[in-house]
2 protein chains.
Amino acid sequence: MNVMNDSPRRKELTRQAAQLFVQEGFDRTTVRMLAQEMGIKSGSLFHHFRDKQEILAAVIEEGTQNALMIARDALDNCDSNPEARLHAMARAHLETLLTDRNAHVVALYEWRRLDPEARDHLGHLRDAYETLWEEVLDEALAADLIRGDRFLVSRFVMGALNWTVRWYDPRGERSPEDLARELIAMITHPAR
Amino acid sequence: MNVMNDSPRRKELTRQAAQLFVQEGFDRTTVRMLAQEMGIKSGSLFHHFRDKQEILAAVIEEGTQNALMIARDALDNCDSNPEARLHAMARAHLETLLTDRNAHVVALYEWRRLDPEARDHLGHLRDAYETLWEEVLDEALAADLIRGDRFLVSRFVMGALNWTVRWYDPRGERSPEDLARELIAMITHPAR
DNA sequence: GGGTCAACCAAGCAAGCGCTAGTGTAAACG
DNA sequence: CGTTTACACTAGCGCTTGCTTGGTTGACCC
């Protein structure tokens, strides 16, 4: 058995794995395909990862951790009124699609292929991210910027946002800024 | 080679396949597992379906066709004002989760495992369904019930709705009726 | 009562799968 | 210098995969 740290080499391999997982899906991606993409032989792969599952976990962890970081950053650097905070979160979410799209698609589609331990660990990361959203939405609800059931509003918004990975091309003409503004215009009530 | 009609036997087998595809995912579901669930041997399976892919296509076709039928029905039997039509569509969408949840989950997660021909065929079905939504949303936009970019509003709403398969339990305390009302309250502007 | 036909079974093939074992090598370390 | 460490290779084991083949069964038909 070998190392399982987070060396730069491993980071790069993880990035390439994400690409393949998106193209082929986790189950259809063989260790031989992964190795070829990485420019090594299939056996060498197990020097960097304990098994195939661990590659999947690494991909998802990378993406979620980045999203969490960027979201926290956005909240720290914006005005403190509920609308600005809502906007900052939506924009941050969409911006991660620029840099980490592959990882997010994998997290979305291949979550169930994780073994229970990995799912548990990554579930906590995911929860931390969703909690950020719920706090911001709570503030918006308290300020009467949005109306409705807390649980349902949160689910609907997360749905609209998560669904973007299926159609949004960040290199198109619409910027994350545009989308964030439009989404918030749709769900907020203009009258105070 | 054998039949590929839509016998009642085949319908039942398709329903059972959907169940397994949801539990295990398409790739992890082996023909032997499918056969066992159906109470036959793995070889006999290929009497009903040309190959494994065709089972997947059958599952998705069944679900989409039902959703389309129910949505059309709902539109035919509701008031003609934009709000009522919006409500009818949302409610119909959520109600299909009661009867065809498995098929919808499969359509959502395993779409990319379809071969190009099946994807093309089912894509047209899916388009027909989404077109219904766009018509209803267009009417709502024209009546100033919703404001915003036509393309984006449609994507956000489809996102919020499609995402429901990930968290909504139709046997819970919230009815499709409740959810539909709440969603529409969130995206429509109360002031006329 | 011979013929037809959908439905099923037993057996197995060829290919591909994840992963392991054992070895080589070049740079880094003391 | 000898030792360690990181990374890679070759070769292949044991198993599972989707699917095929050839044959059996029982219900229905004229």
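Side chains included, hydrogens not; waters and symmetry mates left out as well; all remaining heavy atoms used. Naming: A, B, ... by sequence-line order, numbering from 1 per chain.
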*asked:* What contact category does A:Arg9 fall into here, base, sugar-phosphate, or nothing, at under 4.0 angstrom with non-hydrogen atoms?
replied: sugar-phosphate

*asked:* Using a strict threshold of under 4.0 Å (side-chain N to carboxylate O), is an ion pair present between B:Arg112 and A:Glu110?
replied: yes

*Specify the separation, in whole Å, of atom CZ of B:Phe46 and atom C1' of C:dA10.*
15 Å

*Let me know the distance between CG of A:Asp27 and P of C:dC17, rounded to the nearest Å.*
12 Å

*When only distance counts, do a donor and an acceptor, one from the side chain of B:Arg32 and one from the base of D:dG18, lie under 3.5 Å apart?*
yes

*Does any pair with a residue in residues 115-126 of chain B pass salt bridge (Lys or Arg N to Asp or Glu O under 4.0 Å), and if so which ones, sequence neighbours excluded?*
B:Arg126-B:Glu130

*Rounded to whole angstroms, how far apart are CG on A:Asp51 and P on C:dT20?*
8 Å

*Within less than 4.0 Å of OP1 or OP2 of C:dA6, is there a side-chain N or O belonging to B:His47?*
no

*Find which nucleotide of DNA chain C each of A:Gly43 and B:Leu13 is nearest to by heavy atoms, and output the residue with the more 5' nucleotide.*
B:Leu13

*Starting at CZ of B:Phe49 and ending at C1' of C:dA7, how long is that distance when rounded to a whole Å?*
13 Å

*asked:* Quick test of your reading: applying salt bridge (Lys or Arg N to Asp or Glu O under 4.0 Å), list the pairs with at least one residue in residues 94-103 of chain B, sequence neighbours left out, ordered by first then second residue.
replied: B:Arg91-B:Glu95

*Kindly point out which of C:dC9, D:dC19, D:dC7 is positioned nearest to the side chain of A:His48?*
D:dC7

*Can you list every pair that meets ring-ring contact (aromatic ring centres under 6.0 Å, His included) and has a residue in residues 53-81 of chain B, with sequence neighbours left out?*
none

*B:Phe26 CZ to D:dT17 C1': how many Å, rounded?*
12 Å

*Nearest whole angstrom, please: distance from the P of C:dG18 to the CZ of A:Arg28.*
13 Å

*Select one nucleotide: of D:dA8, D:dG18, C:dG18, the one nearest the side-chain heavy atoms of A:Ser44.*
D:dA8

*Do any pairs count as a salt bridge (Lys or Arg N to Asp or Glu O under 4.0 Å) and have a residue in residues 56-74 of chain B, sequence neighbours left out, and if so which ones?*
none

*Could you tell me which residues satisfy side chain to side chain contact (heavy atoms under 4.5 Å, CB included) with A:Gln36, sequence neighbours excluded, listed by chain and number?*
none

_Within residues 33-42 of chain A, residues whose heavy atoms come under 4.0 Å of DNA chain D_ = A:Ile40, A:Lys41

*How many Å lie between CG on A:Leu45 and C1' on D:dC9, as a whole number?*
13 Å

*asked:* Can you classify the ring geometry of A:Tyr129 versus A:His93 as parallel (below 30°), tilted (30 to 60°) or perpendicular (above 60°)?
replied: tilted

